[in-house]
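Structure record follows, encoded as structure tokens.
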Protein chains: 2
Amino acid sequence: MNTADLGLPVAVPSTALFTDQYELTMLQAALQSGTADRRSVFEVFTRRLPEGRRYGVVAGTGRVLDAVENFRFDETILGFLRERGILDEPTLQWLSDYRFRGDIWGYPEGEVYFPGSPVMRVEGTFAEAVLLETVILSILNHDSAVAAAASRMAVAAGERPLMEMGARRTHELSAVAAARAAYVGGFHCTSDLAAGFRYHIPTVGTSAHAFTLLHDTERDAFTAQVDTLGSGTTLLVDTFDVATAVRTAVEVAGPGLGAVRIDSGDLLLIAHRVRQQLDDLGAGKTKIVVTSDLDEYAIASLAAAPVDAYGVGTQLVTGSGHPTCSMVYKLVARADSDAPGAPLRPVAKKSMGAKSSAGGRKWAARRLDADGVAEAEVVGTGPVPEELAGRQLLVPLVRGGEVVAREPLEDARDRHIAARAGLPLSATQLSRGEPVLPTEHA
Amino acid sequence: MNTADLGLPVAVPSTALFTDQYELTMLQAALQSGTADRRSVFEVFTRRLPEGRRYGVVAGTGRVLDAVENFRFDETILGFLRERGILDEPTLQWLSDYRFRGDIWGYPEGEVYFPGSPVMRVEGTFAEAVLLETVILSILNHDSAVAAAASRMAVAAGERPLMEMGARRTHELSAVAAARAAYVGGFHCTSDLAAGFRYHIPTVGTSAHAFTLLHDTERDAFTAQVDTLGSGTTLLVDTFDVATAVRTAVEVAGPGLGAVRIDSGDLLLIAHRVRQQLDDLGAGKTKIVVTSDLDEYAIASLAAAPVDAYGVGTQLVTGSGHPTCSMVYKLVARADSDAPGAPLRPVAKKSMGAKSSAGGRKWAARRLDADGVAEAEVVGTGPVPEELAGRQLLVPLVRGGEVVAREPLEDARDRHIAARAGLPLSATQLSRGEPVLPTEHA
């Protein structure tokens, strides 16, 4: 896939500047000290899940692959770096020829993860791998945070559809990625047109209070909407008085009215009243859509209410209290020299416990109990035990610089459902708790 | 400014799809019902500040102006909408000719705001103004959230410089906007190269643990960095043992070493020890930079520590607990017909108190007490009282579709410092409290 295929309104000609300056100055220092070509292994992992969360959800993998492919330093970018005086000429020269030629492995998108899970592993020379740190973390930390919130909301919603409507509550391009991550996590559609355009996610829309207020009467507004969008549309019924609006809505659209949306008030109470009213009016198939600052707890609290779909905004795109993950990108092994075949030596930061990490290139597998339910996330640096060989979690994503794991977004979405279903039942409790699987170091 | 000037790695050819689908279907319904050309006034405001916050900070205004100018429906976008079957042909035809031709007023960027402050006002036909809702809210809600956190951190940091280092903790393009908003809020520089490229914000960088671990010894790493970046560089001293690293750092770089960075552990304790050690080694001018999950409270707690600069990541780009603002875009007045000169009628949602809002096209002014300190945010729909005429907050940003208020980012930054300084002293308390100014409705 080249840049042009990324889709216009969200295209980024190069991802190379989504990078902290120190990645480039470290490159320059390594080039000068002769260590730049040492074979290196970086791993992405988190030391902890957000407080109280039972599992994490890997999302953004597909976007990482796009970012790696489009990580190039063209003349404009090199000119900027030269002008700023950040780098010397040999380094700029090196960058002009840069493209990632190494290997990337990772948990496939939609998979669940736990503290210590090596969700991505980047292998190559130090120089080529260190440059990718910032953009890889940006994508995985953002998208996985949204997907984790989406997954909890999907559990709470059960069979009822979830609509992503958070564009206005986050950066306009975060919104596109958030809609994508929400889809991976179990949402069904989005209001964000750019996400529909770029990722082919189904798009939906209802109507705003402004549309009702634009018209001389609520009836005029409903009539205008039904005339052009058909009776299957969703009418917003809480601009003035809900009961009046519902009656007007059915009068205007007939009993085939698609849905009504409630965006304020006590949703539980109002949903029951509106359902009763719709049924009394013969609109038994008209659905009820609720929006209004929903999160997974509010969704769960409406489980027994006659609600047919949920629209979720703020709390989804901000990760329901946890807008970012704490994934880090750490050098875990490197060769002692740039001689071909030089063995890898595990390395790790040692000082001050909390930020220490385990060295060595890792494998990961999910061990099942006798009933086929996951019972542990096993992470190791030695040989993979025979009984876990078929349960390994890391798959090849990039080999020799070529992306080998492009997949439809639906695959990631399906994978997440399967992965979550393989966890112990307590994974889907919304209450705060420990990670549902322990991480064992083999 | 045309799209090309937006700067490559963050250019977006059109902003028109950063839009909720319902904006377009409402347009279609209004076109068909004959209400699309009614003159309309939309206002952006928030009903509340994030809990405990004393003031909000307007940020993103400059990005809104870019977004409005580049909000066009080209053939690619129209083709997508046509293919999706979202809109009818007359609406697509209307969009093909769209550009915003109305007026936008707003609080200038960097200004502070309070509940009810009309931070932006968009005037035009319903059709042209409703389309801008999503992208305007995306930008203001995101950027203002980051700027508010930045402002609190700037207060806590006093005269010490603040470095924005959060790119890896947020979406890669949010990161660029976050660096910009942080600069408006009082930060001095960023690690994000794309923000340096696009917005000319000064960029900085230090070094990562990976760079030390790449080398055979810490001394080798420090030597490599100093050899290529000079002794004025910042050396990271907490990979192994801090005291050893500081000694090695000064041995390698000499007493002219620029700075050392501490990224873990008890920063207060370690900063004191490192300062003492540096002074003992004759490196009295070597600065101490601290990073490691800082927020405004952690920064404040280090006020008495010998720290020279702060690097802030996660908590900045996630708004320090409040990653979005709750700004909404509401129709507050509209004409009864599309006849030229038809008078504006105030409109407002009425049902269920919490989401009600005040109708009418508003002015806003900040009233001062006898000492020249702000004492109230006054918002009204009638004539502006004479004593407040010179204190009005809304300025013209767009007139007849033309941007009239482009300004250097430094102006917004300076304006924020001045605006905050004009508030009562309690504005800069970090503790939770009420908004520092009451909002009065005149």
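Chain letters run A, B, ... following the sequence lines, proteins first, then strands; residues in each count from 1.
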Tell me, for [X] versus chain B, whether the close heavy atoms (under 4.5 Å) come from the side chain, the backbone, both or neither.
X         : answer
Asp88(A)  : side chain
His322(A) : neither
Val204(A) : backbone
Leu31(A)  : neither
Thr35(A)  : both
Leu229(A) : side chain

Looking at [options], which one has more heavy-atom pairs under 4.5 Å with chain B than the rest?
options                                    : answer
Gly196(A), Cys325(A), Ala175(A)            : Gly196(A)
Asp192(A), Thr91(A), Thr203(A)             : Thr203(A)
Ala67(A), Pro202(A), Ala167(A), Ser207(A)  : Ser207(A)
Gln225(A), Arg345(A), His142(A), Glu172(A) : Glu172(A)
Ala29(A), Gly60(A), Gly205(A), Ser138(A)   : Ser138(A)
Met165(A), Arg63(A), Glu23(A), Met327(A)   : Arg63(A)

- Item | Within-4.5 Å side-chain heavy-atom neighbours: Asp238(A) and Lys349(B) | yes
What's the separation between atom [atom1] in [X] and atom [atom2] in [Y], rounded to the nearest 0.5 Å?
X         : Y         : atom1 : atom2 : result
Arg261(B) : Leu236(B) : CZ    : CG    : 5.0 Å
Phe197(A) : Leu17(B)  : CZ    : CG    : 6.5 Å
Phe80(B)  : Leu87(B)  : CZ    : CG    : 10.0 Å
Asp20(B)  : Thr134(B) : CG    : OG1   : 3.5 Å
Arg168(B) : Glu133(A) : CZ    : CD    : 4.0 Å

Where is the tightest heavy-atom contact between [X] and [Y], given as atom of each residue plus distance?
X         : Y         : value
Phe240(A) : Ala348(B) : CE2-O, 4.1 Å
Ile77(A)  : Ala16(A)  : CD1-CB, 4.3 Å
Cys189(A) : Met163(A) : SG-CG, 3.4 Å

Could you check which of [options] has the highest count of heavy-atom pairs closer than 4.5 Å to chain A?
options                                   : answer
Ile139(B), Thr314(B), Ile86(B), Val328(B) : Ile139(B)
Ile136(B), Leu137(B), Leu213(B)           : Leu213(B)
Thr25(B), Thr170(B), Thr318(B), Asp216(B) : Asp216(B)
His215(B), Gln32(B), Arg38(B), His171(B)  : His171(B)
Leu214(B), Thr19(B), Asn141(B)            : Leu214(B)

- Query: Is it true that Lys350(B) and Glu218(A) have a side-chain N and a carboxylate O under 4.0 angstrom from each other?
  - Reply: no
- Query: Salt-bridged, Arg72(B) to Asp74(B), with N to O below 4.0 Å?
  - Reply: no
Can you tell me which portion of [X] sits under 4.5 Å from chain A's heavy atoms? Options are side chain, backbone, both or neither.
X         : value
Arg334(B) : side chain
Phe42(B)  : side chain
Phe211(B) : both
Glu83(B)  : neither
Ser174(B) : both

- Item | Full working for side chain to side chain contact (heavy atoms under 4.5 Å, CB included) between Leu24(B) and Phe73(B) | CA-CA 12 Å; Leu24(B) 298 186; Phe73(B) 295 82; 4.1 Å; yes
- Please identify each residue that fulfils salt bridge (charged side-chain N to carboxylate O under 4.0 Å, His left out) with Asp227(A), with sequence neighbours left out. none
